[in-house]
Amino acid sequence: MTKPDGAESKSSLKQAALWLVAISVVLTTFSMSTTAVTLTENDIANYAAEINSKGKGTDIGGGTVIRHVFSKGRTIIFRYDVPADWQPYSKGREDIIIQAKSRGSAKFFFEENINTNYQYFKSNLQIYSINIYSSQYSNINLELDHTYVNINGHAKSKGVNMRLRPPKGWDIGEANGPNIVKAFNGEPGQYYMIITKDMPSFSTRLQIKEIYSNSKAVKEHAESSMPDYDCTLNEYDFFILNTYPTVTSEYMCDIEQSDALIKLATKVWFIFYEDKLIMLQGTCTNSRAECEQLNKLFNMVSASVYFPEQFN
């Protein structure tokens, strides 16, 4: 929120900076004392009480005082008393998130599914609030690149003419193996691949649609396509992706690597393209929360698939 002339006062900017730093200091203490186990609402209430006991009554600069910290469900609420000349900061939400990311508390809020709400009071009247959902603390950017990756004519495409939009900012490269056409790489543990395989025979879209109109057949396909690891099939479905019949499968796998057990979440789109099978595979090896967020991104990438000949 800005003043009518569009400019914030220097004092309000200074106060904003001060209370952002103070919040981050308290939250850093909070995040450092947590465990890897997902917190219950009672745990969150206890931690909010801990923050309250450490910070209540503290002047964090410019006359802004921590009034009360408590929780409701999975939301931690921070209340502040502010002086009469205090002005809201137009980029308060963005700066809180930036500070939280730089100090490590954002990772905690995101992975533990904790929302935050910041409320500001003059006397006993609330004048302003900032609400931040846990997903907003994520480092995962749910945006796609504006340009398409086209595999038409690629040596491994097997004649498939298809394009899609990769995640924004991800590396796009080639990959080993005779069937992997393209590999997109995000941060460590974030992967998406385009794979093509030859089918034993040609099938029309109508024929494939009739086969997988039976949910039992969909499940059998998902189970038979399970990766060669210790995997569990979580979900499966059948739908039409830009006129082509598609089976989707979600797997959770355990992989032993260098005497360590790695959890791997994978979602695969099996697109039946006449005498070819196109596999779009998104993989995450990080936390549950990150994998859930990445799943949204993988869905966006796969939904962007375009076949130039799809309406022929």
Please tabulate, for side-chain N and O atoms in residues 210-222, each donor-acceptor pair with protein atoms closer than 3.5 Å (sequence neighbours left out).
residue, atom, partner, partner atom, Å
S213, OG, E210, O, 2.7
N214, OD1, K216, N, 2.7

**Item:** Pairs satisfying salt bridge (charged side-chain N to carboxylate O under 4.0 Å, His left out), at least one member in residues 282-295, at least two apart
**Value:** R288-E292
**Fill in**
For residues 119-130, the salt bridge (charged side-chain N to carboxylate O under 4.0 Å, His left out) pairs (sequence neighbours left out) are none
List the atom pairs, with distances to 0.1 Å, where a side-chain N or O of residues 160-173 and a protein N or O form a donor-acceptor pair under 3.5 Å, not counting sequence neighbours.
residue, atom, partner, partner atom, Å
R165, NE, D145, O, 2.6
R165, NH2, L144, O, 3.4
R165, NH2, D145, O, 3.2

**Request:** For the residue pair Q119 and S129, confirm or rule out a side-chain donor-acceptor distance under 3.5 Å.
**Result:** no
**Asked** Looking only at side chains, do T196 and Y273 share a donor and an acceptor under 3.5 Å apart?
**Response** no
When you measure from the side chain of [X] to the backbone N and O of [Y], does any donor-acceptor pair fall under 3.5 Å?
X: D43; Y: T40; answer: yes
X: K156; Y: A175; answer: yes
X: K56; Y: V65; answer: no
X: E112; Y: L39; answer: yes
X: S138; Y: I140; answer: yes
X: Q136; Y: Y133; answer: yes

Sequence neighbours excluded, which residues qualify as side-chain contact (heavy atoms from CB on, under 4.5 Å) partners of [X]?
X: N176; value: none
X: E256; value: L261
X: K263; value: D254
X: S134; value: N113, N115

Same cluster or not: are [X] and [Y] linked, directly or through other Ile, Leu, Val, Met, Phe, Trp or Tyr residues, by side-chain heavy atoms under 4.5 angstrom apart?
X: V301; Y: L142; result: yes
X: L277; Y: F239; result: no
X: Y236; Y: I271; result: no
X: V268; Y: Y191; result: no
X: M300; Y: L294; result: yes

Nearest-0.5 Å distance that lies between atom [atom1] in [X] and atom [atom2] in [Y]:
X: Y118; Y: R93; atom1: OH; atom2: CZ; result: 10.5 Å
X: D81; Y: N124; atom1: CG; atom2: CG; result: 7.5 Å
X: M279; Y: W269; atom1: CE; atom2: CH2; result: 12.0 Å
X: F270; Y: I195; atom1: CZ; atom2: CD1; result: 8.5 Å
X: Q190; Y: Q293; atom1: CD; atom2: CD; result: 10.5 Å
X: I278; Y: T246; atom1: CD1; atom2: OG1; result: 8.5 Å

Under 4.5 Å between any side-chain heavy atoms of [X] and [Y], yes or no?
X: D275; Y: D198; value: no
X: L264; Y: M252; value: no
X: F272; Y: M199; value: yes
X: F307; Y: T243; value: no
X: N234; Y: T232; value: yes
X: K197; Y: K276; value: no

Residues that [X] engages under side chain to side chain donor-acceptor pair (under 3.5 Å), provided they are two or more places apart:
X: S203; value: none
X: T248; value: none
X: N299; value: K267

**Request:** Run the numbers on D237 and V247 for side-chain contact (heavy atoms from CB on, under 4.5 Å), then give the verdict.
**Result:** CA-CA 6 Å; D237 195 12; V247 170; over 6 Å; no
Less than 3.5 Å apart, which donor and acceptor atoms pair up between the side chains of residues 177-187 and the rest of the protein, not counting sequence neighbours?
residue, atom, partner, partner atom, Å
N179, OD1, K158, NZ, 3.0
K182, NZ, E174, OE2, 2.7

**Request:** Output, in order, the C-alpha distance, side-chain angles, deciding distance and verdict of side-chain contact (heavy atoms from CB on, under 4.5 Å) for M226 and Y251.
**Result:** CA-CA 7 Å; M226 199 173 295; Y251 308 101; 3.7 Å; yes
**Message:** Do R205 and Y244 form a cation-pi contact, if we require the NZ or CZ to be under 6.0 Å from the six-membered ring centre and within 45 degrees of the ring's axis?
**Reply:** yes
**Prompt:** Within 45° of the six-membered ring axis of F121 and under 6.0 Å from that ring's centre, is NZ or CZ of R67 located there?
**Reply:** yes
**Message:** Please confirm whether the ring centroid of Y306 lies under 6.0 Å from the ring centroid of Y148.
**Reply:** no
Quick one: closest heavy-atom pair of [X] and [Y], and the distance?
X: G153; Y: S157; result: N-OG, 3.9 Å
X: Y192; Y: G282; result: CD1-CA, 3.9 Å
X: Y120; Y: V82; result: CD2-CG1, 4.1 Å
X: N141; Y: L297; result: O-CD1, 3.8 Å
X: N286; Y: P188; result: ND2-O, 3.0 Å
X: S302; Y: L280; result: OG-CD1, 3.8 Å

**Item:** Derivation of the side-chain hydrogen bond (donor to acceptor under 3.5 Å, both in side chains) call for Y47 and S71
**Value:** CA-CA 9 Å; Y47 280 115; S71 70; over 6 Å; no
**Worked verdict on V69 versus I77 for side-chain contact (heavy atoms from CB on, under 4.5 Å)** = CA-CA 6 Å; V69 182; I77 300 167; over 6 Å; no
**Request:** Indicate the ring-plane relationship of F109 and Y137, choosing parallel, tilted or perpendicular according to the 30° and 60° boundaries.
**Result:** tilted
